[in-house]
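Right, one structure below, let's go through it.
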Amino acid sequence: MRLCVRATERFRTWSLAGFLALFPVVARAEEPVRGYPACDKTPTDGDVTAAKGAFQAGNGSFNEADYDRAINYWEDAYRRDCTAHPLLLNLARAYELNGQKRHAVMALKTFLERSPGSSDEGQIKRRVEKLDEQIRMEDQASAQPVQQPVTPPPPATAPPPPAAEPAPSGGKRSLVPLFV
């Protein structure tokens, strides 16, 4: 009995792992978007130094395509020095590459609010519009139920008549079909 329970537990574990491997979107659902806290303090020299260290670590992770870790480092850097607004652009790119488009939009909008008159403002606004459009398209696609193509059942007809037997190839034809 104990062996059967173990086998059942092992089957459930492997089934869940297989399901999550086949459907990575379910495995990594996007967490709710939270805004950035107000930047109402001036960072100390220690904060700036720590932020620079976290920024460098984030760069290393980003270059290795470890976007989750880069995001963690860069968020830490921005928390320590909230006056380093260009960090929000890095965060937006990492979020975008990590498939977290809503987070990317939040980072870009926060950058626009905190850096008014930026030389990249027009480009960033277009990027926000494009990401918003992609989010809308994804939401519409996920809201629509997937319809399986319906194939009509085969028509209920009588079976085809048997094929006529070929005529013998001996040169003479049988007279039987003519008299029947």
Side-chain angles (χ1 to χ4, degrees), residues 9-10 12-149:
E9 288 174 5
R10 193 174 297 143
R12 285 183 190 159
T13 302
W14 282 106
S15 297
L16 179 63
F19 176 78
L20 293 177
L22 291 174
F23 299 100
V25 174
V26 174
R28 186 179 53 120
E30 189 171 341
E31 57 191 51
V33 179
R34 59 189 188 282
Y36 294 92
C39 184
D40 53 3
K41 68 176 183 125
T42 304
T44 65
D45 289 339
D47 290 336
V48 172
T49 302
K52 286 180 181 180
F55 174 76
Q56 291 300 324
N59 279 346
S61 297
F62 185 85
N63 291 335
E64 293 173 356
D66 187 354
Y67 304 121
D68 285 326
R69 185 169 290 165
I71 289 167
N72 287 333
Y73 281 127
W74 286 340
E75 282 182 343
D76 181 48
Y78 193 69
R79 215 176 2 262
R80 292 173 188 273
D81 182 4
C82 63
T83 62
H85 303 308
L87 248 173
L88 293 167
L89 299 176
N90 290 29
L91 276 165
R93 185 64 181 146
Y95 278 129
E96 191 176 349
L97 291 172
N98 204 31
Q100 297 173 299
K101 293 176 182 159
R102 286 180 174 83
H103 290 290
V105 168
M106 176 59 72
L108 292 171
K109 286 181 177 179
T110 303
F111 175 81
L112 290 173
E113 290 171 7
R114 296 183 183 181
S115 297
S118 168
S119 61
D120 298 330
E121 188 173 345
Q123 179 185 4
I124 293 170
K125 285 181 178 180
R126 284 190 301 277
R127 190 169 161 199
V128 168
E129 289 173 5
K130 186 175 180 180
L131 286 169
D132 280 337
E133 179 63 26
Q134 290 174 0
I135 291 168
R136 268 194 302 280
M137 298 287 283
E138 290 172 2
D139 288 346
Q140 287 175 353
S142 66
Q144 294 176 353
V146 178
Q147 295 182 358
Q148 298 293 331

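The residues of the chain are indexed from 1 along the displayed sequence.
Between the side chain of Asn98 and the backbone N or O of Gln100 there is no donor-acceptor pair closer than 3.5 Å.
Two residues are said to be in side-chain contact when any heavy atoms from C-beta on lie closer than 4.5 Å; Phe62 and Ile71 fail this criterion. Using a 4.5 Å cut-off on side-chain heavy atoms (C-beta onward), Leu131 and Leu108 make contact.
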Pair up each side-chain donor or acceptor in residues 85-95 with any protein partner under 3.5 Å, not counting sequence neighbours, and list the distances.
unit_1 : atom_1 : unit_2 : atom_2 : d
His85  : ND1    : Tyr78  : OH     : 3.0
His85  : ND1    : Cys82  : O      : 3.3
Tyr95  : OH     : Glu75  : OE2    : 2.1

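The side-chain hydrogen bond (donor to acceptor under 3.5 Å, both in side chains) search around Gln140 returns none, not counting sequence neighbours. Ser118 meets the side-chain hydrogen bond (donor to acceptor under 3.5 Å, both in side chains) test with no other residue; sequence neighbours excluded. Every residue was checked against the salt bridge (charged side-chain N to carboxylate O under 4.0 Å, His left out) condition with Asp120, not counting sequence neighbours, and none meets it. Annotation: salt bridge (charged side-chain N to carboxylate O under 4.0 Å, His left out) contacts of Glu121 (sequence neighbours excluded): Lys125. Evaluation of the salt bridge (charged side-chain N to carboxylate O under 4.0 Å, His left out) rule for Arg114 yields no partner, not counting sequence neighbours. For Asp47, the side-chain hydrogen bond (donor to acceptor under 3.5 Å, both in side chains) partners two or more places apart in sequence, or in a different chain, are Thr44. Residues meeting the salt bridge (charged side-chain N to carboxylate O under 4.0 Å, His left out) test with Glu133, sequence neighbours left out: Arg136. By the side chain to side chain contact (heavy atoms under 4.5 Å, CB included) test, Glu129 pairs with no residue at all, sequence neighbours left out. Residues that satisfy the side-chain hydrogen bond (donor to acceptor under 3.5 Å, both in side chains) test with Asn72, not counting sequence neighbours, are absent from this structure. Residues passing the side chain to side chain contact (heavy atoms under 4.5 Å, CB included) test with Asp40: none are found, sequence neighbours excluded. Residues forming a side chain to side chain contact (heavy atoms under 4.5 Å, CB included) with Ala50 (at least two apart in sequence, or on another chain): Arg80.
Under a 4.0 Å N-O distance rule, the pair Arg127/Glu96 qualifies as a salt bridge.
A distance of 11.0 Å separates OH in Tyr67 from OG in Ser61, rounded to the nearest 0.5 Å. In this structure, OG on Ser119 lies 8.0 Å from CD1 on Ile124, to the nearest 0.5 angstrom. Between atom CG of residue Asp132 and atom NZ of residue Lys101 there is a gap of 11.0 Å, rounded to the nearest 0.5 Å. Of the inter-residue distances, the one linking Gln56 atom CD with Asn59 atom CG reads 5.5 Å to the nearest 0.5 angstrom.
Here the closest non-hydrogen pair linking Val128 and Lys109 is CG1-CE, 3.8 Å. Scanning all heavy atoms of the two residues, the minimum distance from Ala70 to Gly58 falls at CB-O, 3.5 Å.
Residue-environment remark: CG (Asp45) stays at or below the threshold of 12 foreign heavy atoms within 6.0 Å.
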